[in-house]
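Structure record follows, encoded as structure tokens.
Model, not experiment: these values are computed from the prediction.
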Amino acid sequence: MVRPLQAREIEAFQAVIQTGTTTAAAQLMHTTQPSISRLLAQMQAAAGVKLFEMHKGRLRPTREAMELYATVQQHFVGRERIERELAVLRQSGAGSLRIGCTPALALSVVPPVMGRYLQRYPGAHLSIQTLGANELRDGVLHGKFDLVLSTMVLASEALDATVLHRGQGVCVMHPDHPLAGRAQLHVQDLQDQLLLTLNASDSIFMQLQQKMLAFGVTPSATIETNYSSTICRLAAQGLGVGVVNPYMAAVFDQDLKILALQPECSVEVVLALPPQYAPSARVDTLTALLREQFLTYG
């Protein structure tokens, strides 16, 4: 009776065509020669087509068998391609991982985490794009990133967002600065200082400005920039006192004196994932590594 062919029968058929004998096919499939012969007989009966004939004591495939073999080869090539792709996914953490983050995190937290990720998945391809909060929000909402990290608010109810770390802004200055000998600084200590600030849309700057207004603090002059790394470099040159996130300050700690500031200017690092996709294993791995890294900041 004609019936659908079984996978084991097709494998035996392929092995016999490739090796030329049932004995060699049995070795290839790690089974016995009688088992191969039985599978071939079952397949021929199920197919309703003559596939082999005996010729001088050897099996000889028919023209129909060779036409079927060409189709079988296409099937196995497709299956092998699937297996190769699965092997890549298991071994490399899935080819590509697209990360979006703010510049401060790209320079501070992200590099050591990428190093540990690549130790675990040496074949992975990583894409790291540094953008502002609005671009990060839009990118993850549209699935352009597998994961985004931001020190700025990503305002959207549609996002799957988590606060990975909460810290506080710190004051940075040259080690020889007159304020460098303090244990910590109060915002009142910034009176008449040359102040290095981020631009007006930055969360740290907005908090700092409110505190200076509350205590009547007026700096002698200001230098404004949109990168906390620039503030750190300016401070290292002795040009003034800056207030930045603790992650960037740590990158320049050999060149700077870093002091806590009171009242605190809070800093949050937000992780957001595309809402339309479930997190992959590679994203879960990267998230766990990021959490470990943030433990070093207390």
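The shortest heavy-atom contact between Ser228 and Leu198 is N-CD2, 3.6 Å. Closest heavy-atom contact between Leu68 and Met43: CD2-CE, 3.6 Å. Residues Thr225 and Thr230 approach most closely at OG1-CB, 3.6 Å, considering heavy atoms.
Note: Leu97 CG to Asp146 CG = 5.0 Å, rounded to the nearest 0.5 Å. Atom CG in Leu59 sits 9.5 Å away from atom CD in Glu53 (nearest 0.5 Å). Here CG of Leu213 is found 8.5 Å from OG1 of Thr218. Values are rounded to the nearest 0.5 Å. Distance check, rounded to the nearest 0.5 Å: CD of Glu224 to CG of Leu195 gives 10.5 Å. Distance check: His186 NE2 to Leu261 CG gives 8.0 Å after rounding to the nearest 0.5 Å. Rounding to the nearest 0.5 Å gives a distance of 7.0 Å between CZ of Phe252 and CG of Leu107.
Under 3.5 Å, the side chains of Thr23 and Gln33 contain no donor-acceptor pair of N or O atoms. Under the 3.5 Å distance criterion, with hydrogens and angles disregarded, no donor-acceptor pair is assigned to the side chains of Ser266 and Glu268.
Leu131 and Leu141 fall within the same hydrophobic cluster, defined by Ile, Leu, Val, Met, Phe, Trp and Tyr side-chain heavy atoms under 4.5 Å apart, directly or through other members. Note on Val72: it does not cluster hydrophobically with Leu28, by side-chain heavy-atom contacts below 4.5 Å among ILVMFWY residues. At a threshold of 4.5 Å between side-chain heavy atoms, the hydrophobic network of Ile, Leu, Val, Met, Phe, Trp and Tyr places Phe52 and Met66 in one connected group. In the hydrophobic clustering of ILVMFWY residues, with side-chain heavy atoms under 4.5 Å counting as a link, Leu259 and Val241 come out together.
Within 6.0 Å of OH in Tyr227 there are 12 or fewer heavy atoms belonging to other residues, nucleotides or ligands.
The aromatic rings of His165 and Phe294 sit parallel to each other, their planes meeting at less than 30°, with 60° as the upper class boundary.
Looking at heavy atoms from C-beta onward, Met29 lies in side-chain contact with Arg8 at the 4.5 angstrom threshold. Side-chain contact between Thr151 and Met248 is absent, with no heavy-atom pair separated by less than 4.5 Å. Looking at His174 and Gln237, their side chains never come closer than 4.5 Å, going by heavy atoms from C-beta outward.
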Using the rule given for side chain to side chain contact (heavy atoms under 4.5 Å, CB included), can you reason through Val251 versus Ser229, listing the C-alpha separation, both sets of side-chain angles and the distance that settles it, and then say yes or no?
CA-CA 9 Å; Val251 175; Ser229 58; over 6 Å; no

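With hydrogens and angles ignored, the 3.5 Å screen pairs no side-chain donor or acceptor of Gln293 with any backbone N or O of Val109.
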